[in-house]
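What follows is a single structure, written as structure tokens, with notes after it.
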Number of protein chains: 2
Amino acid sequence: MQKKYLAIYDDLVNKIQANTWPVSTLLPSENELSIQYDTSRETIRKALNLLSHNGYIQKVRGKGSVVIDIHKFSFPVSGIESYAELAEKLQLESSTAVHQLGYLDANHEITKMLAMTQGERIWNVVRVREISGEKIILDKDYFTERYVPLLSLDICEKSIYHHIENNLGLEIGFAQKEIVVEDPTEEDRKLLDLEGFSNIVVIRSQVYLQDANLFQCTESRHRPDKFRFVDFARRVKN
Amino acid sequence: MQKKYLAIYDDLVNKIQANTWPVSTLLPSENELSIQYDTSRETIRKALNLLSHNGYIQKVRGKGSVVIDIHKFSFPVSGIESYAELAEKLQLESSTAVHQLGYLDANHEITKMLAMTQGERIWNVVRVREISGEKIILDKDYFTERYVPLLSLDICEKSIYHHIENNLGLEIGFAQKEIVVEDPTEEDRKLLDLEGFSNIVVIRSQVYLQDANLFQCTESRHRPDKFRFVDFARRVKN
DNA sequence: CAGTGGTCTAGACCACTTC
DNA sequence: AAGTGGTCTAGACCACTGT
């Protein structure tokens, strides 16, 4: 059986998006919701806290839960999102060209970061993302063969994340991301349509599984004019 | 009396930073902690969930809570952070020059966003941040006079946020942030030491109070070589 | 198997907002 | 005073991990 608080969360998200409670009005109270969904108040509170963390409501003590629905203005709420999800959301014509698919050098710095045992090899995937006819993003991914034993051109051209989560059944736990602006490298100039831009936006991330093991490093290099990052931050105190 | 789960959270953070449980080892189990702190398991779980959201631990079902302490590698965990906090953390010599302090035009676009009643005026503050002798950041802030009735040069030169949270007692609820790269404006060129850089990183944010009302818009314009954004993201499912 | 974290309950008291 | 969300409890059962 589906977890109750997640079912309630999904139901409330749907109702918010269907405008059952317009923006800046109040949700029913926790007590009323616990009657409506025939459950305890704590379970309702779990669902409401999820809504709050994901930018649907703001809870106000003594008043109730105000609908804010940040999703109406900006699509991607911050987090770990794959390129495929993004391109699909924006409904852009896009394609992916794989430029490298192999193993990394054994004494490369990243190998030392990712390898947990001696002799463990690290996948090295370099891909160029083309959107609306322009080569705009250069993605460099590194995975341990411990978690991702096999990779094919076909998988890389579609979505590695889809493969990892659905076929391999690995669950992402958390990620650390860094965004900086750098000078383009020779590789950037060669593989991307830089159009005279003298800077490139670099997003470096380290992705950990739910068992807290590091399994991937990524470098995503974007042409500055096509880069946009959206973040929803909440003062978390509970 | 201090909230119990926050006291436990603080205590655990201190102990993690004091290396009581080294990185990648396990915390005591929830049952054991509930005995140690003489409290219920749910209260312990609240403290542990906070640790998890803030990047100190990763909970693994059937095993326990693994210490990860992301803070060792990168200082600012994503969120809403003021310039003053940041400069202090990095221990850099820095100063702030106020270039404008007044009210915004009544039919400006931002006035329409922020004003809740007719005739309500909007503060317009433009400041240049100088770090280690270079003018690097241009901050443009807009506040409603409804929440911030008075502003002085002195306040602006120090930290407006400090004033808002401590003197005015306003509590930040959440913020929406957007990061893009743009061409420098005339104003950027005039006020900043751009050193020939042809791009500028713009962070636009809207800040809401805990009562879900919008009270501030901000534009923070950074020279690209001095810009760095760090983000810790977790797949939130509870 | 025992031990772990994840979910859920029914109830209690508190702090706050609104009237 | 009545209603709201915030904290806290003591107990239950489940799913998962290790041995």
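So you know, we letter chains A, B, ... as the sequences are listed, proteins then strands, and number each from 1.
Put simply, NZ on A:Lys63 is 11 Å from C1' on D:dT4, counting in whole angstrom units. The separation between B:Asp211 atom CG and D:dG5 atom P is 16 Å, rounded to whole Å. Rounded to an integer number of Å, the gap from B:Ile57 CD1 to C:dT4 P is 15 Å. Atom pair B:Glu30:CD and D:dT17:C1' shows a separation of 14 Å (rounding to whole Å applied). Between the C1' atom of D:dA15 and the CD atom of A:Gln210 lies a distance of 14 Å, rounded to the nearest Å. Per the geometry, NZ belonging to A:Lys4 stands 8 Å off P belonging to C:dA10, to the nearest Å. Distance CD (A:Glu32) to P (D:dG3): 12 Å, rounded to an integer number of Å. Distance B:Arg45 CZ to C:dT7 P: 7 Å, rounded to the nearest Å.
Listed candidates were D:dC8, D:dG5, C:dA10. Nearest to the side chain of B:Lys3 is D:dC8. The side chain of A:Tyr5 lies closest to C:dC8 when the candidates are D:dG6, C:dG5, C:dC8. Counting only heavy atoms from C-beta on, A:Asn31 has its side chain closest to D:dT4 among D:dC8, C:dT18, D:dT4. Of the candidate nucleotides C:dG5, D:dT9, C:dT9, D:dT9 has the atom nearest to the side chain of B:Thr43. Proximity note for B:Glu42 (side chain, C-beta onward) versus D:dG11, D:dG6, D:dT17: the nearest is D:dG11.
Aromatic ring pairs are classed by plane angle as parallel below 30°, tilted from 30° to 60° and perpendicular above 60°; the pair B:Phe227 and B:His222 is perpendicular.
Checking the phosphate oxygens (OP1, OP2) of C:dT4, no side-chain nitrogen or oxygen of B:Lys59 falls inside 4.0 Å. Between A:Lys46 and C:dT7 there is a side-chain polar atom (N or O) within less than 4.0 angstrom of OP1 or OP2. The side chain of B:Ser40 places no N or O atom within less than 4.0 Å of a non-bridging phosphate oxygen (OP1 or OP2) of D:dC8. OP1 or OP2 of C:dC8 has not a single side-chain nitrogen or oxygen of A:Thr39 nearer than 4.0 Å.
Residues forming a side chain to side chain contact (heavy atoms under 4.5 Å, CB included) with A:Asp105 (at least two apart in sequence, or on another chain): A:Asn107, A:His108.
With rounding to the nearest 0.5 angstrom, the OG atom of B:Ser205 is 8.0 Å from the CG atom of B:Asp141.
Within the 6.0 Å centre-distance limit, the rings of A:Tyr103 and A:Trp123 are counted as a close aromatic pair.
A side chain to side chain contact (heavy atoms under 4.5 Å, CB included) with A:Ser65 is found for one member of A:Leu12, A:Leu48, A:Leu51, A:Thr25 and no other, namely A:Leu48.
Comparing the start and finish of the helix from C:dA2-D:dT17 to C:dT18-D:dA1, five pairs each, the helix axis swings through 10°, to the nearest 10 degrees.
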From CA spacing to verdict: side chain to side chain contact (heavy atoms under 4.5 Å, CB included), B:Tyr37, B:Asp11:
CA-CA 10 Å; B:Tyr37 287 99; B:Asp11 193 52; 2.5 Å; yes

Working for side chain to side chain contact (heavy atoms under 4.5 Å, CB included), residues B:Ile160 and B:Phe143
CA-CA 10 Å; B:Ile160 300 185; B:Phe143 306 89; 3.4 Å; yes

Evaluate the side chain to side chain contact (heavy atoms under 4.5 Å, CB included) criterion for residues B:Ile137 and B:Arg127: first the C-alpha distance (whole Å), next the side-chain angles of each, then the deciding distance (0.1 Å), finally the verdict.
CA-CA 8 Å; B:Ile137 305 174; B:Arg127 293 176 291 179; over 6 Å; no

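Remark: the B:Arg41 side chain and the C:dG6 base include a donor-acceptor N/O pair separated by less than 3.5 Å.
Between A:Gly62 and A:Asp38, the residue anchored closer to the 5' end of DNA chain C is A:Asp38, taking for each the nucleotide with the nearest heavy atom.
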